[in-house]
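Sequence lines set the chain letters: A, B, ... in the order given, protein chains first and strands last, and positions in each chain run from 1.
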Amino acid sequence: MQLSVDICNTKSYLAGTGWRRSAPLTALLLRSTAEREQRRHSVSDTDVQEITQQVTTFEELGLSPKVLSAVIDAGYTQPTPIQAGAIPHALEGKDVLGIAQTGTGKTAAFVLPMITRLEKGRARARMPRTLILEPTRELAAQVEENFVKYGKNHRLNISLLIGGVSFDEQLKKLERGADVLIATPGRLLDHFERGKLLLTGVEILVIDEADRMLDMGFIPDIERICKLIPFTRQTLFFSATMPPEITKLTEQFLQAPVRIEVAKPATTNASITQKLVKSGSKPWDKRDRLRQLIRAEGDELKNAIIFCNRKTEVATLFRSLVRHEFDAGALHGDMDQRSRTTMLENFRKGKLRLLVASDVAARGLDIPDVSHVFNFDIPIHADDYVHRIGRTGRAGRSGKAFTLVTKSDKKYLQSIEKLIGEDVDWYDGDLSTLGPEDEHEEKPSRGKAGSKRNDRDRKPKREREARPPKAEAQPEAPVAAEATQPVESHRSAPAPRPAERKDRRDNIRSGNEDRRSRYRDRDDDMPAVVGFGDDIPDFMKIVGKV
DNA sequence: AAAAAAC
């Protein structure tokens, strides 16, 4: 079934061609505080000043020529509603309350005016001039990329303060004086407590994804940080929804903000084909099912994100897929930052076909051109479903989203269908001829042949944890060798014939390799390589490069 | 029935 989903369409605005399609979106612009108060609880269409049709180009927004030229160079001509609404006010120095989903062009809505305003003045050591708070490290890094892209005509000192990486380099950049400081709350406060950071010079504060910060328990940190910054600052505040806690926060820390609300569009151009796929409820049933689906999609599946609900499941599924010779990587919050960065980078570059991920990758991540999304686990919260499948079908492309559904998933499925206002079709393709896994299908109890594999599946988390390969853990594939050995050369190596593949798989299942990996030193745990001989997946050979 | 974030 073809179903339009708001987040996906709006996401397409980030792509060059997408920004022109602003018609379905409506930006609400309520000018005065009084007006806003009056209408807070009942915003109706007649209250709305539509600005979408009025502003048609970036030139009209008041951005500086240098910023404008970077925007044009990036291929954008028309601002999205949130950009058209927020930029003029942000340039005037007003506080902005932006209510918008990720992917509505929200990031550029604060990056562009900030760069314009930063043209005047200069940063002093340890006193950043602007501060942007993000809920996850990957989003923070993504915002940094935006500053690099749109600030290419400027000489901005940009500093990224996130956890999981060393302090030293971050300190150096702070010492040099940061025009732009992008941070996750934990690491920012860490630096502050060490006395390496003064927030008294911050002219512009951006709080992004506020409702997600709320979910993550960041609000006390946010309140603390806000209090450290002089109230003469300008605050740009973004949230997809406005629960009471967030409203309270805005009342506390924003001064006479201009409220800009981007409504969810009812229909979209970009579309995602969604399918539900019945599966047995055991993890191995689901893994079998997933492999069948991936094979059934064949070449149509260019690349895919596979979402699991738990980090342990991400790790297990990742290892399982690699064992079955799929080109897979993993991304979740317990992985070391280096692996996270590398996995995401390789997936973005197309060096990795499958990315098994937790919901750390569900929202906001800008990965154009993902052909498929699989929900290995049905998301417990319906809005996560929308965010997850919104990773595909972007930039005017079509996408496919498959969700594995077990008997116990019914209530979650119901809440999803209620949220999106439509029933999702069941997969009608034939998966019964797609491989040896089928014989395990829907088996209520484990057969003898499968029991060893299942034993492994049930091992406690720590020993099974997927350790995405670290560069230093594979001396046989040093960075230098990678440079002289292009990825294509691996690709062109003769692939094992189907019969060999099956043999190898059975061999792995027999448990010999398992025993080896089980007793290996944990830090040296590179299970994916064990048993592959020379047939190491591409991505493992390139992880040295960051 | 979860994930995310500082050491």
Worksheet item: Going by an N to O cut-off under 4.0 Å, is there a salt bridge joining A:R340 and A:E138?
Response: yes
Fill in: Distance, rounded to the nearest Å, where A:I222 contributes CD1 and B:dA4 contributes P
18 Å
Practice prompt. Using whole Å, report how far CG of A:D359 lies from P of B:dA1.
Written response: 17 Å
Discussion item. Tell me if the centroids of the rings in A:Y427 and A:F402 come within less than 6.0 Å of each other.
Written reply: yes
Discussion item. I need the NZ-C1' distance between A:K311 and B:dA4, as an integer number of Å.
Written reply: 7 Å
Practice prompt. Figure out the CZ/C1' separation between A:R388 and B:dA2, and round it to whole Å.
Written response: 9 Å
Worksheet item: What does A:G164 touch in the nucleic acid at a heavy-atom separation under 4.0 angstrom: a base, only the sugar-phosphate, or nothing?
Response: sugar-phosphate
Discussion item. Enumerate the ring-ring contact (aromatic ring centres under 6.0 Å, His included) contacts for residues 171-229 of chain A, please, sequence neighbours excluded, ordered by first and then second residue.
Written reply: A:F167-A:H191
Worksheet item: What pairs with A:F238 under ring pair (Phe, Tyr, Trp, His ring centres under 6.0 Å), at least two apart in sequence or on another chain?
Response: A:F110
Worksheet item: How close or far is atom C1' of B:dA1 from atom CZ of A:F307, stated in whole angstroms?
Response: 18 Å
Discussion item. Does this structure show an ion pair linking A:R259 with A:E261, if we count only N-O contacts that are shorter than 4.0 Å?
Written reply: yes
Worksheet item: Is A:D377 touching bases, backbone alone, or none of the nucleic acid, heavy atoms closer than 4.0 Å?
Response: nothing
Worksheet entry | Presence of A:R212 side-chain N/O under 4.0 Å of B:dA2 phosphate oxygens OP1/OP2 | no
Fill in: Gap between atoms CG and C1', on A:N309 and B:dA4 respectively (whole Å)
14 Å
Worksheet item: Which of these nucleotides, B:dA1, B:dA6, B:dA3, is closest to any side-chain atom of A:R137?
Response: B:dA6
Practice prompt. Would you indicate what A:R340 reaches in the nucleic acid, counting non-hydrogen atoms under 4.0 angstrom: base, sugar-phosphate, or nothing?
Written response: sugar-phosphate
Worksheet, complete the sentence: When rounded to whole Å, the CG to P distance for the pair A:N375 and B:dA2 reads 17 Å
Discussion item. Which nucleotide wins on minimum distance to the side chain of A:T184, given the candidates B:dA6, B:dA4, B:dA2?
Written reply: B:dA6
Worksheet entry | Phosphate-side-chain proximity, A:S358 and B:dA4, N/O vs OP1/OP2 below 4.0 Å | yes
Fill in: Whole-Å gap separating P (B:dA5) and NE2 (A:H332)
11 Å
Worksheet item: Which nucleotide in the list B:dA3, B:dA2, B:dA1 gets nearest to the side chain of A:D409?
Response: B:dA1
Discussion item. Looking only at the side chain of A:F218 (C-beta and beyond, no hydrogens), which of the listed nucleotides B:dA2, B:dA5, B:dA6 gets closest?
Written reply: B:dA5
Worksheet item: Counting any heavy atom closer than 4.0 Å, what does A:D190 reach on the DNA or RNA strands: base, sugar-phosphate only, or nothing?
Response: base
